[in-house]
Each structure stands twice: as structure tokens, then as C-alpha cells.
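Please read the structure below before turning to the comments.
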Amino acid sequence: MGLDVDQEILEDFLIEAGEILEQLSEQLVDLEQRPDDRELLNAIFRGFHTVKGGAGFLQIDAMVECCHQAENLFDLLRTGELKVTAPLMDLVLQALDAINRMFGQVRTGDNPEPAPPCLLQSLAEAASGQLTAVPSAARPAQASNVELDLREALGEGPNDGDDLISEDEFESLLDELHGAGGAPGRSSQARAADRAARELDAMLDELPLAEAPVTQPAANPAPGQDLITDDEFEALLDKLQAEGKGAFAVPPSADKPRAPAARQQERAVASHAARGGQESSVRVDTRLLDTIMNMVGELVLVRNRLVRLGGAQEDEDMAKALGTLDMVTADLQMSVMKTRMQPVKKVFGRFPRLIRDLSRSLRKEVRLELRGEETDLDKNLVEALADPLIHLVRNAVDHGIEAPARREQLGKPREGRVLLSAEQEGDHILLVIQDDGGGMDPAKLRRLAVERGMLDTEAASRLSDQECFNLIFAPGFSTKTEISDVSGRGVGMDVVKTRITQLNGTLNIDSVLGQGTRIAIQVPLTLAIMPTLMVTLEQQAFALPLVNVNEIFNLDLTRTNVVDGQRVIVVRDQALPLFHLKRWLVDGARNAPLPKQGHVVIVTVGTTRVGFVVDQLVGQEEVVIKPLGSILHGTPGLSGATITGDGRIALIIDIPNLLKRYAA
């Protein structure tokens with residue numbers, strides 16, 4: 001059954017609650033390291049409270065109940081009545097998982113399934129400090145949490161009839177609550193009263209008090225003296241109601257009330273306007289950004305065409321105009337790219353929780369260090385990198401970091417370290433996953449490759465240490481002898497390498513036995529525009545991704561050798577396979593002979609280097625990637641098409657898949 005709510009209000013909630021839930025995952029892990037951090041406890045309490053409020057506004061009762069239980073628990077933690085323990089944090093993280101699951105269902109427009117009753121009961125038992133407790137009576141969904149807590153404070157149950165209370169009843173509850181707050185002994189009713197009072201204070205904090213004439217409190221108020229008197233409070237409420245401000249503000253339309261997120265945004269805008277400023281940001285649909293990026297891509301193609309045409313003419317004024325166009329187009333391209341950028345923290349934010357759960361399940365002590373979280377990356381890459389990075393971090397903890405006792409025997413700290421960093425290098429992003437664990441043994445990797453039939457003994461003995469490390473990316477290869485829930489099936493690293501390659505990225509691995517492993521991933525800033533090397537084969541233009549191009553030179557092709565049926569060339573004492581690219585990509589040229597002299601492009605895929613013979617080198621050119629048409633869609637070795645500076649259509653070569661298809 002779908003949600004029957006206003007879509008604009010729902011979008012506001014999804015944006016605000018989504019950000020809060022991401023923060024909560026990090027904050028809860030941080031709390032285990034800093035259990036006495038009062039500011040952190042308050043932030044977590046406010047996070048659950050805000051999500052609960054937004055869900056309550058949309059009448060998503062299942063989320064309200066789970067958030068409310070977690071909120072109650074953190075209210076006791078921040079007042080010191082409960083202490084942070086590992087089992088307690090396990091329970092809270094389970095609650096957060098349940099809330100995230102419900103949030104995902106809300107995002108798809110479905111009514112969320114409630115959290116398991118046993119989880120809610122456990123949260124209630126934890127809040128009461130008891131191992132077992134009778135589940136609390138069901139509360140009416142229409143009643144506000146403040147009202148329910150007030151009733152609890154006075155020992156009353158929920159109304160069986162009308163859920164709303166009159167102004168006189170509410171004032172009476174407040175009067176009785178004020179008396180209960182100072183009662184000695186701190187009973188459960190008193191704690192509930194305090195909780196309700198604090199929640200009421202939080203509500204009052206959101207009112208624009210600065211706009212109303214509030215009497216300033218004395219410099220040193222006497223103990224027990226309120227900061228605002230009852231008369232002043234009543235006068236403030238009357239003024240706000242008369243002016244239609246704060247909680248009494250009239251919604252834009254009777255059938256479209258404002259969501260908490262919308263009210264928060266209006267308060268921010270009003271505050272900014274009061275300071276004489278203007279709002280500094282707007283929310284734009286990502287589809288519009290994609291459209292603009294596509295249009296800029298077309299502009300880049302036209303720019304390339306004009307620059308090529310202008311270069312053929314000796315017109316100084318034309319050259320100046322084209323130079324200006326080139327500069328402005330490049331600046332526009334960079335500006336539009338920045339609008340699509342997101343900090344890599346969107347990916348990094350999930351790893352503290354991942355490390356925490358893995359450490360407990362594997363009985364290891366691991367500390368995660370994050371660097372460069374504010375490094376910006378294209379939003380499509382941010383989403384695409386999540387799964388490969390998760391697998392690499394899991395491997396670092398499972399394969400790399402030793403058990404605490406073993407680390408002590410080796411003279412290492414009991415606590416292992418995993419570093420996850422990001423930094424920009426030119427037009428690429430460098431991501432590093434590094435651990436201080438046991439590292440990899442090249443001799444063991446050679447032996448495993450032979451045992452599993454991947455290589456014969458002689459071939460394995462010729463592998464360098466670097467080539468041995470890259471064996472872990474082979475399909476089906478795993479260094480573990482037992483399959484666990486974390487790893488051991490030999491499929492993950494192969495998928496990681498394939499995914500990084502699809503992103504036009506490179507992946508390098510280095511390891512020192514006994515000291516640790518370092519995996520470096522390099523990916524472009526964006527997937528929409530790619531620097532390439534243009535070549536021609538039988539007058540047809542092809543684009544080689546520049547990230548894979550290692551070097552270019554002219555070669556006397558009569559001085560090549562044949563080893564095991566494969567033609568090779570020797571470059572700086574290293575034999576490299578040589579392929580005539582025309583035979584693979586040009587129809588009817590499968591048996592075309594090699595020319596006596598030729599242009600050779602050395603390309604690199606991982607640690608594999610090969611040479612491609614091409615007919616002509618055109619030069620370096622930035623291209624806008626376009627999908628292949630239906631006729632060419634799925635052609636092995638081709639990833640897309642583009643328009644060259646001279647107006648021709650060029651096919652973009654997918655080098656890894658090309659080698660897998662034709663060179664295997």
C-alpha cells in the first residue's frame with residue numbers, strides 16, 4: 001500500500017531525514033570511542049527526535065515508534081542515568097538499521113513495515129534498566145509525544161476517547177509537571193516528566209523568540225528562578241498568535257501544510273534575510289543537471305570543430321575569438337561539472353559502522369582513519385564506487401588485520417589500522433585503502449596459482465612480486481581456505497577490478513609481508529567527458545582513453561619476434577605482446593599484413609602492457625561520450641561514440657574488454 005502524502009512535503013522529509021540518518025551512523029560509532037561526550041549524545045538525541053518529528057508529521061507511525069524508543073534511550077544516556085556499553089550500542093544500531101529500512105520503503109513510496117516487536121521491547125527494557133519488562137501499552141498514533149510523556153509523568157494512561165486535550169488540561173498538566181520535576185528520588189514518572197519538559201524546551205527553542213519583547217533575565221538568577229515568568233510566556237504566545245508567527249504561522253494553503261523540513265528552511269531563510277543577505281543555495285533536480293551537462297558536452301564538440309577549422313585559416317581576429325571561446329567553454333564546462341560534484345564523504349560515511357561491525361564479528365580490534373572526505377567527485381562516480389570500496393575495506397579487515405593476540409606476538413599494537421583516503425590529482429581522484437596487517441606473501445600466491453591450475457610451475461616462477469599481487473584479481477582466486485560470511489569465495493576482487501575498469505579507472509596493489517597492504521585506485525573526475533588519443537584505422541577514427549595510454553613511438557615492424565605463437569616487441573628489455581588493431585576492428589581486415597613501419601601505442605590495463613599498431617596518430621582530444629546506437633550496442637571492445645573536431649564520428653575503445661574478447 002502506497003503512502004498518501006503530499007509529494008513536496010515528502011521530498012523535504014526525505015532530504016532532511018536522509019542526511020540525519022547518514023550522520024547518525026557515524027555518530028553512533030564515534031560514541032563508543034567517546035562515551036562521555038555530552039555534545040555527541042545531545043546530537044544523537046536531536047537526530048532521532050528530528051526524524052521522529054518529520055515522520056510524525058507525515059503520519060508514518062512505524063518510524064515514529066522506533067525513533068521514539070531510541071530517543072528515550074538517549075535521553076537517559078545524556079542525563080547519565082544509563083552508560084554506553086557495547087551490547088547497548090548493538091541494540092541501538094539494530095534500531096537504526098530498522099529505521100533505515102523503513103526510510104528506504106518510504107523513499108519508494110510504500111508504507112513501511114514496523115520494527116520487530118522484540119526490538120521495540122528490548123529498547124524499552126534497556127531504557128528501564130531491566131533485563132525483562134512488560135511491554136508498554138500501545139499509544140494512540142494521533143497523540144503527540146509531549147502529551148504522552150506528560151501523561152506518563154502523572155501516572156496516567158492514554159485517552160481511550162478523544163486524543164486531544166483542552167488548553168485548560170494542558171495548563172494543568174504543566175503545573176503538575178513543574179511540581180513533579182523537583183520531587184526527590186527520581187522515579188520513572190519523574191524521569192518521564194523531565195523528558196517531557198526537555199522536549200517542550202526544544203519546541204520552544206524553535207520559536208523566533210528574538211522577534212518578541214522578552215524581558216532579559218537577571219545576571220545571577222536565584223536558584224529555582226525561571227528565565228521567563230508565566231505572564232511573560234503567556235504574553236509571548238499571544239503576540240506570536242496575533243502576528244501569525246512561529247507555531248501559529250498560517251500555512252500557504254489549507255490542504256498543504258508545511259513539513260518540519262520546510263519550516264526549518266523558512267526559518268533559515270528568514271534569519272538570513274534579517275541579516276540583510278540572500279539565500280546562498282537552491283535545490284535543483286539532478287535530471288536538469290544531467291541535461292545541462294549534455295548540452296555543455298555538445299558545446300565542447302562544437303568548440304573542437306571551430307578550433308580545428310580556425311587553425312586552418314590565417315586570420316588573427318578569428319584566432320583571438322576562437323581562443324576566447326575555447327577559454328570560456330572550458331570554464332563553463334568546469335563550472336557545470338562542479339554542480340554535479342559531491343564530497344566523497346557520501347561514500348566514506350558508511351565505513352565507520354562497517355569497521356565496527358566487522359571488528360566485533362571477527363573479534364579483532366580495528367581503528368579506521370579517514371582522510372580527504374571533502375574531496376569532490378562526480379555524483380555518478382560517488383554512487384558507483386561504493387560497492388568496490390566496501391569490498392576492499394572488508395578484505396583489509398578480514399585478510400589483512402591479524403587477531404589482537406597475534407599482533408602482540410609480532411610486537412604490533414593490539415589495535416590494527418585501516419586508512420581510507422581520497423585526494424585530487426589533476427583531472428583524476430586517487431583513492432587509497434591501506435592496512436598495517438600481515439601483508440601478502442608472493443611465494444604463497446605463486447603456489448596457490450599452481451595448485452588451482454591457473455599457471456604452471458615455470459610460468460609462476462617467472463612472475464614478479466607485483467604480478468603475484470595482481471593474482472588476487474583473477475576470477476575464483478582466494479587466499480582463504482574456508483568460506484565465511486565476509487569472504488573466501490574468490491569472486492569479490494574480480495568484480496572490484498571489473499567495476500573500476502568500467503569507470504575508466506586503474507587499480508594498483510602493493511604489499512610488504514608483515515607490514516601491510518596498499519591498494520590505490522585512480523578514477524577520472526567525471527565520466528561525461530574523457531581525454532582520449534585519436535587514431536585512425538582505414539580512415540575510420542577511433543578514440544583510445546588517455547588513462548590507458550602509456551607511450552607512443554614509431555617502430556620498424558620487421559624487427560619483431562614471435563614467442564609461443566604471439567608476436568612481441570621488446571621495449572626497454574621487456575617483451576610486450578603486439579596486436580594489429582585493424583584486424584580486430586575493421587571489417588574485412590582480419591588477415592591484413594603488418595606494415596614495415598608503423599605507429600605503436602603502448603597501453604596499460606592494470607599491470608598488463610601491450611602494443612597496438614595503428615595506421616595514423618591524430619592527437620589528443622577531449623571527447624563527450626555518447627551511447628552506441630542500437631546496431632552497435634553490445635559490440636565487444638566499444639564503450640561509446642563521439643564526434644571529432646573535424647566532424648567525423650569516432651568510436652571509443654573499451655581496452656580491457658577489447659583484450660578480453662580478442663587477445664584471450
Side-chain angles (χ1 to χ4, degrees), residues 425-430 462-467 469-470 473 497 500-501 503-510 520-525 529-538 540-563 566-586 592 594-623 625 637-639 642 644-645 650-664:
E425 291 186 342
D427 60 350
H428 286 73
I429 294 293
L430 176 65
R462 293 198 301 263
L463 294 178
S464 66
D465 288 353
Q466 193 69 42
E467 290 170 333
F469 298 149
N470 281 279
F473 297 115
K497 183 179 179 181
I500 296 300
T501 302
L503 299 176
N504 297 320
T506 60
L507 190 150
N508 294 304
I509 185 169
D510 193 19
I521 299 173
Q522 194 178 50
V523 291
L525 282 173
I529 297 176
M530 176 195 299
T532 66
L533 173 67
M534 284 290 177
V535 301
T536 60
L537 303 171
E538 291 287 348
Q540 170 63 49
F542 290 88
L544 296 169
L546 205 60
V547 67
N548 298 115
V549 176
N550 188 261
E551 56 184 312
I552 307 168
F553 53 83
N554 290 324
L555 185 68
D556 181 359
L557 297 178
T558 62
R559 303 180 60 183
T560 60
N561 300 306
V562 177
V563 178
Q566 171 62 55
R567 188 170 296 276
V568 299
I569 57 174
V570 178
V571 180
R572 287 184 289 277
D573 298 328
Q574 184 179 8
L576 302 180
L578 184 67
F579 301 103
H580 198 184
L581 208 53
K582 183 191 301 184
R583 295 177 178 176
W584 292 349
L585 298 176
V586 176
L594 278 175
K596 294 182 179 180
Q597 290 287 133
H599 303 285
V600 177
V601 180
I602 305 298
V603 299
T604 303
V605 179
T607 58
T608 302
R609 299 177 67 210
V610 302
F612 287 150
V613 178
V614 299
D615 290 350
Q616 184 179 358
L617 300 172
V618 178
Q620 181 178 342
E621 189 169 318
E622 282 191 341
V623 302
I625 303 173
L638 298 180
S639 61
T642 188
T644 65
L651 299 175
I652 301 173
I653 297 177
D654 182 350
I655 295 177
N657 282 332
L658 186 75
L659 292 175
K660 184 180 295 186
R661 172 64 174 82
Y662 295 104

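For the single chain, residues carry numbers from 1 onward in sequence order. Small disclaimer: the values here were computed from a predicted structure and weren't measured.
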Considering only heavy atoms from C-beta outward, does the side chain of [X] approach that of [Y] to under 4.5 Å?
X    : Y    : value
L581 : V601 : no
V614 : F542 : no
V535 : F612 : no
L585 : L658 : yes

With sequence neighbours excluded, tell me which residues meet side-chain contact (heavy atoms from CB on, under 4.5 Å) with [X].
X    : result
D556 : T558, R559, Q597
A650 : M534, A541, T642, T644
P545 : M530, V547, N548, I655
R583 : H580, L594

Those residues that, when tested against F579, pass ring pair (Phe, Tyr, Trp, His ring centres under 6.0 Å) (two or more places apart): W584
Mind checking side-chain hydrogen bond (donor to acceptor under 3.5 Å, both in side chains) for [X] and listing every partner two or more places apart, or none if nothing turns up?
X    : result
D510 : none
Q522 : none
H428 : none
N550 : R609

Residue among I602, V568, L557, V571 satisfying side-chain contact (heavy atoms from CB on, under 4.5 Å) with L578: L557
Candidates I653, D654, L651 - the one meeting side-chain contact (heavy atoms from CB on, under 4.5 Å) with S639: D654
Let me confirm one number: the [atom1]-[atom2] distance from [X] to [Y], rounded to the nearest 0.5 Å.
X    : Y    : atom1 : atom2 : value
T536 : H599 : OG1   : NE2   : 8.0 Å
N657 : K660 : CG    : NZ    : 5.5 Å
I652 : I625 : CD1   : CD1   : 5.0 Å

Side chain to side chain contact (heavy atoms under 4.5 Å, CB included) between L533 and I552, intermediate numbers included: CA-CA 10 Å; L533 173 67; I552 307 168; 3.5 Å; yes
For D615, all residues meeting salt bridge (charged side-chain N to carboxylate O under 4.0 Å, His left out), sequence neighbours excluded: K582
For E621, salt bridge (charged side-chain N to carboxylate O under 4.0 Å, His left out) partners two or more places apart: R308
Polar side-chain atom of Q466 near backbone of I509 as donor-acceptor pair, under 3.5 Å: yes
Minimum heavy-atom distance between A520 and L430, given as atom pair plus value: CB-CD1, 4.0 Å
Candidate pair V610 and V603, rule side chain to side chain contact (heavy atoms under 4.5 Å, CB included), full reasoning: CA-CA 6 Å; V610 302; V603 299; 3.5 Å; yes
